[in-house]
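Here is how names work: the chains are called A, B, and so on, in the same order as the sequence lines, proteins then strands, and each is numbered from 1.
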2 protein chains.
Amino acid sequence: MLDHINQFSPLCQTALHDLAKVLRQVQLAKGEFLVTEAKVCNHVYFVERGCLRGFYNLDGKEITYWFGFEDSFVTSFFSFISRKPAVENIQAIEDCTLWAIGYNDLQTLYARHKDMERLGRIMHERYYVMLEERFVANHFKEARERYENLMSTAPHILQRVPLGYIASYLGITQETLSRIRTKV
Amino acid sequence: MLDHINQFSPLCQTALHDLAKVLRQVQLAKGEFLVTEAKVCNHVYFVERGCLRGFYNLDGKEITYWFGFEDSFVTSFFSFISRKPAVENIQAIEDCTLWAIGYNDLQTLYARHKDMERLGRIMHERYYVMLEERFVANHFKEARERYENLMSTAPHILQRVPLGYIASYLGITQETLSRIRTKV
DNA sequence: TGGCTACTTTGATATATGTCAAAAAAAGTG
DNA sequence: CACTTTTTTTGACATATATCAAAGTAGCCA
(Lines give C-alpha, C1' and ligand atoms only; values in the text may rest on other atoms or scores of the structure.)
Protein backbone atom coordinates (compact mmCIF):
# COMPACT_ATOMS: atom_id res chain seq x y z
CA MET A 1 0.00 0.00 0.00
CA LEU A 2 2.86 2.39 0.86
CA ASP A 3 4.36 1.21 -2.43
CA HIS A 4 1.43 2.72 -4.30
CA ILE A 5 1.69 6.04 -2.49
CA ASN A 6 5.40 6.01 -3.16
CA GLN A 7 4.77 5.50 -6.88
CA PHE A 8 2.30 8.36 -6.76
CA SER A 9 5.01 10.72 -5.54
CA PRO A 10 8.34 9.49 -4.14
CA LEU A 11 8.86 9.87 -0.39
CA CYS A 12 12.13 9.64 1.50
CA GLN A 13 12.59 6.86 4.06
CA THR A 14 11.82 9.02 7.09
CA ALA A 15 8.67 10.44 5.48
CA LEU A 16 7.50 6.92 4.61
CA HIS A 17 8.20 5.84 8.14
CA ASP A 18 6.29 8.76 9.67
CA LEU A 19 3.41 8.18 7.28
CA ALA A 20 3.22 4.47 8.12
CA LYS A 21 2.86 5.31 11.81
CA VAL A 22 -0.32 7.34 11.33
CA LEU A 23 -2.10 5.17 8.75
CA ARG A 24 -5.16 3.25 10.00
CA GLN A 25 -6.93 0.50 8.11
CA VAL A 26 -10.68 0.89 7.55
CA GLN A 27 -13.06 -1.84 6.39
CA LEU A 28 -16.31 -0.72 4.79
CA ALA A 29 -19.24 -2.97 3.82
CA LYS A 30 -21.25 -2.38 0.65
CA GLY A 31 -23.73 0.43 1.24
CA GLU A 32 -21.89 1.98 4.21
CA PHE A 33 -20.88 5.66 4.24
CA LEU A 34 -17.33 6.96 4.39
CA VAL A 35 -18.35 10.63 4.27
CA THR A 36 -21.73 12.01 5.36
CA GLU A 37 -23.06 15.43 4.44
CA ALA A 38 -23.30 18.07 7.17
CA LYS A 39 -20.35 16.49 9.00
CA VAL A 40 -16.76 17.72 8.73
CA CYS A 41 -14.58 15.13 7.01
CA ASN A 42 -11.39 14.59 9.02
CA HIS A 43 -9.58 11.99 6.92
CA VAL A 44 -8.13 11.31 3.53
CA TYR A 45 -8.47 7.68 2.49
CA PHE A 46 -6.52 5.54 0.08
CA VAL A 47 -8.49 2.75 -1.65
CA GLU A 48 -6.74 -0.62 -1.47
CA ARG A 49 -9.74 -2.68 -2.60
CA GLY A 50 -13.31 -1.92 -3.62
CA CYS A 51 -15.28 0.80 -5.27
CA LEU A 52 -17.12 3.89 -4.00
CA ARG A 53 -19.29 6.71 -5.25
CA GLY A 54 -19.69 10.33 -4.19
CA PHE A 55 -23.06 11.99 -4.45
CA TYR A 56 -24.90 15.18 -3.59
CA ASN A 57 -28.48 15.42 -2.40
CA LEU A 58 -30.04 18.14 -4.51
CA ASP A 59 -33.74 18.84 -4.97
CA GLY A 60 -34.38 15.57 -3.16
CA LYS A 61 -32.39 13.68 -5.79
CA GLU A 62 -29.05 11.92 -5.47
CA ILE A 63 -26.53 13.32 -7.95
CA THR A 64 -23.55 10.98 -8.31
CA TYR A 65 -20.49 13.08 -9.21
CA TRP A 66 -17.62 10.64 -8.84
CA PHE A 67 -16.62 6.96 -8.79
CA GLY A 68 -13.46 5.76 -7.05
CA PHE A 69 -11.58 2.50 -7.50
CA GLU A 70 -8.39 0.84 -6.32
CA ASP A 71 -5.24 2.94 -5.83
CA SER A 72 -6.90 6.34 -5.65
CA PHE A 73 -7.34 8.87 -2.85
CA VAL A 74 -10.82 9.54 -1.50
CA THR A 75 -12.20 12.25 0.75
CA SER A 76 -14.52 15.21 0.70
CA PHE A 77 -11.69 17.44 -0.48
CA PHE A 78 -13.98 20.40 0.00
CA SER A 79 -14.71 19.61 3.64
CA PHE A 80 -11.25 18.32 4.48
CA ILE A 81 -9.55 21.47 3.20
CA SER A 82 -12.07 24.11 4.22
CA ARG A 83 -12.86 22.41 7.58
CA LYS A 84 -16.53 23.09 6.85
CA PRO A 85 -19.28 20.42 6.89
CA ALA A 86 -19.31 18.26 3.77
CA VAL A 87 -22.05 18.90 1.25
CA GLU A 88 -21.69 15.46 -0.26
CA ASN A 89 -21.79 11.80 0.72
CA ILE A 90 -19.34 9.04 -0.13
CA GLN A 91 -20.68 5.51 -0.04
CA ALA A 92 -19.22 2.05 -0.68
CA ILE A 93 -20.62 0.38 -3.80
CA GLU A 94 -18.70 -2.80 -2.95
CA ASP A 95 -17.00 -4.01 0.24
CA CYS A 96 -13.88 -1.86 0.62
CA THR A 97 -10.49 -1.87 2.30
CA LEU A 98 -9.12 1.64 2.88
CA TRP A 99 -6.24 3.34 4.64
CA ALA A 100 -7.01 6.52 6.59
CA ILE A 101 -4.84 9.57 7.39
CA GLY A 102 -6.20 12.09 9.91
CA TYR A 103 -6.25 15.83 9.22
CA ASN A 104 -3.87 16.79 12.03
CA ASP A 105 -1.51 13.96 11.21
CA LEU A 106 -1.39 15.10 7.61
CA GLN A 107 -0.70 18.72 8.56
CA THR A 108 2.13 17.53 10.80
CA LEU A 109 3.54 15.46 7.94
CA TYR A 110 3.27 18.46 5.61
CA ALA A 111 5.19 20.61 8.09
CA ARG A 112 7.85 17.98 8.70
CA HIS A 113 8.51 16.65 5.19
CA LYS A 114 8.84 18.59 1.97
CA ASP A 115 8.14 15.27 0.20
CA MET A 116 4.75 15.12 1.86
CA GLU A 117 3.92 18.69 0.91
CA ARG A 118 4.70 17.63 -2.63
CA LEU A 119 2.57 14.50 -2.35
CA GLY A 120 -0.31 16.66 -1.09
CA ARG A 121 0.07 19.08 -3.96
CA ILE A 122 0.18 16.29 -6.55
CA MET A 123 -2.80 14.54 -4.98
CA HIS A 124 -4.76 17.78 -5.30
CA GLU A 125 -3.56 18.38 -8.82
CA ARG A 126 -4.67 14.93 -9.94
CA TYR A 127 -8.02 15.43 -8.30
CA TYR A 128 -8.89 18.55 -10.17
CA VAL A 129 -7.51 17.36 -13.46
CA MET A 130 -10.17 14.68 -12.96
CA LEU A 131 -12.78 17.34 -12.06
CA GLU A 132 -11.84 19.27 -15.16
CA GLU A 133 -12.11 16.27 -17.46
CA ARG A 134 -15.43 15.31 -15.94
CA PHE A 135 -16.69 18.88 -16.32
CA VAL A 136 -15.81 18.97 -20.00
CA ALA A 137 -17.31 15.53 -20.63
CA ASN A 138 -20.57 16.59 -18.97
CA HIS A 139 -21.05 19.39 -21.46
CA PHE A 140 -21.76 17.26 -24.47
CA LYS A 141 -25.21 18.45 -25.42
CA GLU A 142 -26.85 15.08 -25.91
CA ALA A 143 -27.00 12.43 -23.22
CA ARG A 144 -26.05 9.81 -25.80
CA GLU A 145 -22.74 11.60 -26.44
CA ARG A 146 -21.98 11.73 -22.71
CA TYR A 147 -22.70 8.02 -22.41
CA GLU A 148 -20.53 7.12 -25.39
CA ASN A 149 -17.74 9.29 -24.02
CA LEU A 150 -17.93 7.43 -20.70
CA MET A 151 -17.93 4.08 -22.51
CA SER A 152 -14.74 4.96 -24.36
CA THR A 153 -12.88 6.64 -21.47
CA ALA A 154 -13.93 4.52 -18.48
CA PRO A 155 -15.62 1.27 -19.53
CA HIS A 156 -14.68 -0.37 -16.22
CA ILE A 157 -17.21 1.90 -14.48
CA LEU A 158 -20.04 0.45 -16.55
CA GLN A 159 -19.11 -3.07 -15.48
CA ARG A 160 -18.92 -2.47 -11.74
CA VAL A 161 -21.56 0.18 -11.08
CA PRO A 162 -25.39 -0.10 -11.14
CA LEU A 163 -27.15 1.74 -13.96
CA GLY A 164 -29.00 4.19 -11.73
CA TYR A 165 -25.75 5.64 -10.36
CA ILE A 166 -24.30 5.98 -13.85
CA ALA A 167 -27.46 7.73 -15.03
CA SER A 168 -27.21 10.34 -12.30
CA TYR A 169 -23.49 10.70 -13.06
CA LEU A 170 -24.45 11.49 -16.65
CA GLY A 171 -27.13 13.92 -15.49
CA ILE A 172 -30.10 11.93 -16.78
CA THR A 173 -32.69 9.53 -15.37
CA GLN A 174 -32.24 5.79 -15.26
CA GLU A 175 -35.07 5.37 -17.77
CA THR A 176 -33.42 7.65 -20.31
CA LEU A 177 -30.08 5.84 -19.94
CA SER A 178 -31.79 2.51 -20.42
CA ARG A 179 -33.40 3.78 -23.63
CA ILE A 180 -30.06 5.11 -24.88
CA ARG A 181 -28.40 1.74 -24.26
CA THR A 182 -30.92 -0.17 -26.34
CA LYS A 183 -30.31 2.19 -29.25
CA VAL A 184 -26.48 2.07 -29.13
CA MET B 1 0.97 42.71 -5.86
CA LEU B 2 3.44 40.58 -3.87
CA ASP B 3 1.42 41.77 -0.85
CA HIS B 4 -1.61 39.94 -2.19
CA ILE B 5 0.30 36.74 -2.83
CA ASN B 6 1.79 37.05 0.63
CA GLN B 7 -1.70 37.35 2.14
CA PHE B 8 -2.72 34.32 0.14
CA SER B 9 -0.05 32.23 1.83
CA PRO B 10 2.84 33.79 3.79
CA LEU B 11 6.28 33.60 2.18
CA CYS B 12 9.61 34.17 3.84
CA GLN B 13 11.80 37.09 2.68
CA THR B 14 14.07 35.00 0.46
CA ALA B 15 11.11 33.26 -1.20
CA LEU B 16 9.44 36.63 -1.86
CA HIS B 17 12.71 37.92 -3.28
CA ASP B 18 13.17 34.92 -5.58
CA LEU B 19 9.55 35.17 -6.66
CA ALA B 20 9.83 38.88 -7.46
CA LYS B 21 12.77 38.19 -9.76
CA VAL B 22 10.80 35.87 -12.06
CA LEU B 23 7.49 37.77 -12.22
CA ARG B 24 6.72 39.49 -15.52
CA GLN B 25 3.94 42.01 -16.06
CA VAL B 26 1.43 41.29 -18.85
CA GLN B 27 -1.06 43.75 -20.32
CA LEU B 28 -4.08 42.31 -22.11
CA ALA B 29 -6.66 44.25 -24.10
CA LYS B 30 -10.36 43.34 -24.00
CA GLY B 31 -11.01 40.36 -26.25
CA GLU B 32 -7.39 39.12 -26.32
CA PHE B 33 -6.50 35.56 -25.32
CA LEU B 34 -4.32 34.55 -22.39
CA VAL B 35 -4.67 30.82 -23.03
CA THR B 36 -5.50 29.22 -26.36
CA GLU B 37 -6.72 25.67 -26.82
CA ALA B 38 -4.34 23.15 -28.40
CA LYS B 39 -1.33 25.06 -27.03
CA VAL B 40 0.51 24.11 -23.85
CA CYS B 41 0.06 26.79 -21.21
CA ASN B 42 3.42 27.67 -19.67
CA HIS B 43 2.44 30.31 -17.12
CA VAL B 44 0.36 30.94 -14.07
CA TYR B 45 -1.00 34.49 -13.93
CA PHE B 46 -2.12 36.66 -11.07
CA VAL B 47 -4.86 39.20 -11.88
CA GLU B 48 -4.04 42.70 -10.68
CA ARG B 49 -6.78 44.47 -12.65
CA GLY B 50 -9.54 43.36 -15.00
CA CYS B 51 -11.78 40.41 -15.62
CA LEU B 52 -11.46 37.25 -17.72
CA ARG B 53 -13.44 34.21 -18.71
CA GLY B 54 -12.49 30.62 -19.44
CA PHE B 55 -14.41 28.66 -22.04
CA TYR B 56 -14.44 25.38 -23.90
CA ASN B 57 -15.38 24.89 -27.54
CA LEU B 58 -17.75 21.95 -27.53
CA ASP B 59 -20.11 20.90 -30.32
CA GLY B 60 -19.20 24.20 -31.99
CA LYS B 61 -20.49 26.13 -28.97
CA GLU B 62 -18.55 28.18 -26.45
CA ILE B 63 -19.12 26.87 -22.93
CA THR B 64 -17.98 29.43 -20.36
CA TYR B 65 -16.86 27.59 -17.22
CA TRP B 66 -15.19 30.28 -15.14
CA PHE B 67 -14.92 34.02 -14.51
CA GLY B 68 -11.83 35.55 -12.89
CA PHE B 69 -11.45 38.94 -11.22
CA GLU B 70 -8.84 40.90 -9.31
CA ASP B 71 -6.55 39.08 -6.85
CA SER B 72 -7.01 35.59 -8.19
CA PHE B 73 -4.73 33.15 -10.00
CA VAL B 74 -5.44 32.26 -13.61
CA THR B 75 -4.11 29.56 -15.88
CA SER B 76 -5.17 26.41 -17.64
CA PHE B 77 -4.40 24.37 -14.54
CA PHE B 78 -5.02 21.27 -16.60
CA SER B 79 -2.45 22.16 -19.25
CA PHE B 80 0.03 23.78 -16.88
CA ILE B 81 0.15 20.73 -14.62
CA SER B 82 -0.13 17.95 -17.17
CA ARG B 83 2.08 19.72 -19.77
CA LYS B 84 -0.47 18.71 -22.38
CA PRO B 85 -2.17 21.13 -24.81
CA ALA B 86 -4.97 23.13 -23.20
CA VAL B 87 -8.52 22.14 -24.06
CA GLU B 88 -9.87 25.53 -23.06
CA ASN B 89 -9.42 29.21 -23.85
CA ILE B 90 -9.01 32.11 -21.46
CA GLN B 91 -9.98 35.52 -22.80
CA ALA B 92 -9.99 39.05 -21.37
CA ILE B 93 -13.50 40.45 -20.89
CA GLU B 94 -11.99 43.81 -19.91
CA ASP B 95 -8.51 45.32 -20.30
CA CYS B 96 -6.31 43.45 -17.81
CA THR B 97 -3.05 43.83 -15.92
CA LEU B 98 -1.53 40.47 -14.94
CA TRP B 99 1.67 39.08 -13.46
CA ALA B 100 3.11 35.95 -15.04
CA ILE B 101 5.22 33.13 -13.54
CA GLY B 102 6.78 30.63 -15.94
CA TYR B 103 6.52 26.86 -15.44
CA ASN B 104 10.22 26.22 -14.99
CA ASP B 105 10.62 29.19 -12.67
CA LEU B 106 7.77 27.91 -10.53
CA GLN B 107 9.26 24.40 -10.33
CA THR B 108 12.56 25.94 -9.26
CA LEU B 109 10.78 27.98 -6.60
CA TYR B 110 8.94 24.86 -5.40
CA ALA B 111 12.22 23.00 -5.09
CA ARG B 112 13.97 25.84 -3.32
CA HIS B 113 11.28 27.06 -0.90
CA LYS B 114 8.92 25.02 1.25
CA ASP B 115 6.80 28.19 1.48
CA MET B 116 6.32 28.14 -2.27
CA GLU B 117 5.37 24.47 -2.28
CA ARG B 118 2.75 25.43 0.30
CA LEU B 119 1.56 28.39 -1.78
CA GLY B 120 1.21 26.07 -4.77
CA ARG B 121 -0.79 23.56 -2.78
CA ILE B 122 -3.10 26.25 -1.38
CA MET B 123 -3.57 27.81 -4.82
CA HIS B 124 -4.63 24.40 -6.13
CA GLU B 125 -6.87 23.73 -3.15
CA ARG B 126 -8.69 27.03 -3.62
CA TYR B 127 -9.12 26.33 -7.28
CA TYR B 128 -10.88 23.05 -6.87
CA VAL B 129 -12.97 24.21 -3.94
CA MET B 130 -14.23 26.67 -6.55
CA LEU B 131 -14.68 23.86 -9.10
CA GLU B 132 -16.60 21.87 -6.52
CA GLU B 133 -18.91 24.73 -5.61
CA ARG B 134 -19.54 25.46 -9.25
CA PHE B 135 -20.26 21.81 -9.94
CA VAL B 136 -22.82 21.64 -7.15
CA ALA B 137 -24.45 24.90 -8.22
CA ASN B 138 -24.79 23.65 -11.79
CA HIS B 139 -26.88 20.70 -10.69
CA PHE B 140 -29.96 22.61 -9.69
CA LYS B 141 -32.53 21.08 -11.96
CA GLU B 142 -34.15 24.27 -13.20
CA ALA B 143 -32.19 27.00 -14.94
CA ARG B 144 -34.05 29.58 -12.84
CA GLU B 145 -32.60 28.07 -9.66
CA ARG B 146 -29.09 28.17 -11.08
CA TYR B 147 -29.53 31.81 -12.01
CA GLU B 148 -30.89 32.78 -8.60
CA ASN B 149 -28.04 30.91 -6.95
CA LEU B 150 -25.55 32.90 -9.02
CA MET B 151 -27.33 36.15 -8.19
CA SER B 152 -27.04 35.47 -4.47
CA THR B 153 -23.49 34.07 -4.42
CA ALA B 154 -21.74 36.22 -7.05
CA PRO B 155 -23.80 39.28 -8.03
CA HIS B 156 -20.66 41.12 -9.16
CA ILE B 157 -20.40 38.74 -12.10
CA LEU B 158 -23.80 39.84 -13.39
CA GLN B 159 -22.70 43.47 -13.36
CA ARG B 160 -19.43 43.05 -15.21
CA VAL B 161 -20.09 40.22 -17.66
CA PRO B 162 -22.27 40.16 -20.83
CA LEU B 163 -25.42 38.07 -20.64
CA GLY B 164 -24.39 35.57 -23.30
CA TYR B 165 -21.36 34.47 -21.30
CA ILE B 166 -23.44 34.09 -18.16
CA ALA B 167 -26.00 32.02 -20.05
CA SER B 168 -23.36 29.58 -21.24
CA TYR B 169 -21.91 29.50 -17.70
CA LEU B 170 -25.38 28.45 -16.48
CA GLY B 171 -25.68 25.89 -19.26
CA ILE B 172 -28.55 27.55 -21.09
CA THR B 173 -29.01 29.77 -24.14
CA GLN B 174 -29.00 33.53 -23.98
CA GLU B 175 -32.66 33.60 -24.99
CA THR B 176 -33.69 31.36 -22.11
CA LEU B 177 -31.71 33.46 -19.62
CA SER B 178 -33.33 36.59 -20.94
CA ARG B 179 -36.78 35.07 -20.42
CA ILE B 180 -35.86 33.97 -16.90
CA ARG B 181 -34.73 37.47 -16.01
CA THR B 182 -38.00 39.07 -17.06
CA LYS B 183 -39.90 36.65 -14.83
CA VAL B 184 -37.70 37.10 -11.71
C1' DT C 1 -35.74 -24.94 -6.31
C1' DG C 2 -38.63 -21.26 -4.78
C1' DG C 3 -39.21 -16.75 -3.37
C1' DC C 4 -37.55 -12.27 -2.09
C1' DT C 5 -35.07 -8.21 -3.32
C1' DA C 6 -32.55 -5.28 -6.35
C1' DC C 7 -31.97 -3.82 -10.78
C1' DT C 8 -33.40 -2.79 -15.64
C1' DT C 9 -36.59 -2.08 -19.38
C1' DT C 10 -40.79 -0.42 -21.64
C1' DG C 11 -44.91 2.72 -22.41
C1' DA C 12 -47.66 7.07 -22.52
C1' DT C 13 -47.71 11.81 -21.65
C1' DA C 14 -46.02 16.53 -20.08
C1' DT C 15 -42.72 20.27 -20.21
C1' DA C 16 -38.51 22.98 -19.91
C1' DT C 17 -35.41 24.43 -22.96
C1' DG C 18 -33.41 24.76 -27.65
C1' DT C 19 -33.61 26.64 -32.30
C1' DC C 20 -34.34 29.94 -35.80
C1' DA C 21 -35.66 34.57 -36.87
C1' DA C 22 -36.38 39.29 -36.13
C1' DA C 23 -37.07 43.38 -33.46
C1' DA C 24 -35.64 46.46 -29.85
C1' DA C 25 -32.41 48.55 -26.83
C1' DA C 26 -27.88 49.94 -25.44
C1' DA C 27 -23.23 51.09 -26.19
C1' DG C 28 -19.56 52.64 -28.76
C1' DT C 29 -17.45 55.83 -32.53
C1' DG C 30 -16.32 59.57 -35.67
C1' DC D 1 -25.71 63.94 -32.99
C1' DA D 2 -26.22 60.39 -36.60
C1' DC D 3 -24.49 55.81 -37.50
C1' DT D 4 -22.67 51.37 -36.79
C1' DT D 5 -21.98 47.60 -33.78
C1' DT D 6 -22.97 44.99 -29.86
C1' DT D 7 -26.13 43.27 -26.61
C1' DT D 8 -30.72 42.01 -25.08
C1' DT D 9 -35.51 40.87 -25.71
C1' DT D 10 -39.54 38.75 -27.90
C1' DG D 11 -42.11 35.21 -30.77
C1' DA D 12 -43.39 30.67 -32.82
C1' DC D 13 -42.35 26.06 -33.06
C1' DA D 14 -39.62 21.54 -32.37
C1' DT D 15 -37.69 18.09 -29.36
C1' DA D 16 -34.88 15.73 -25.88
C1' DT D 17 -35.67 14.38 -21.57
C1' DA D 18 -38.46 14.00 -17.23
C1' DT D 19 -42.22 11.93 -14.97
C1' DC D 20 -45.31 8.45 -13.48
C1' DA D 21 -46.55 3.73 -13.75
C1' DA D 22 -45.93 -1.02 -14.60
C1' DA D 23 -43.72 -5.04 -16.24
C1' DG D 24 -39.76 -7.75 -16.89
C1' DT D 25 -35.07 -9.71 -15.49
C1' DA D 26 -31.33 -11.00 -12.75
C1' DG D 27 -29.14 -11.95 -8.44
C1' DC D 28 -29.15 -13.90 -3.93
C1' DC D 29 -30.24 -16.61 0.07
C1' DA D 30 -32.67 -20.21 2.75
Determine whether the aromatic ring centres of residues [Y] and [X] are separated by less than 6.0 angstrom.
X	Y	answer
A/Y103	A/H43	no
B/F8	B/F73	yes
B/Y169	B/Y65	no

Can any side-chain N or O of B/T64 pair as donor or acceptor with the backbone N or O of B/S168 at less than 3.5 Å?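 Looks like no, no N/O pair under 3.5 Å.
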Do A/Q25 and A/T97 get their side chains close enough for a donor-acceptor pair, meaning under 3.5 Å?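 There is no such pair (donor and acceptor under 3.5 Å, judged by atom type) between the side chains of A/Q25 and A/T97.
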Run the salt-bridge test on [X] and [Y] with the 4.0 Å N-O cut-off and return the result as yes or no.
X	Y	value
B/E175	B/R179	no
A/E70	A/R160	yes
A/R53	A/E62	yes

Write down the distance between CZ (A/F140) and C1' (C/dG18), rounded to a whole number of angstrom. 19 Å
Treating primed atoms plus P, OP1 and OP2 as sugar-phosphate and everything else as base, which nucleotides of nucleotides 5-17 of chain D get B, S or - for protein heavy atoms under 4.0 Å? ---BBBBB---SS
Can you tabulate the close N/O pairs, meaning under 3.5 Å, that link protein atoms to atoms of nucleotides 23-30 of chain D?
none

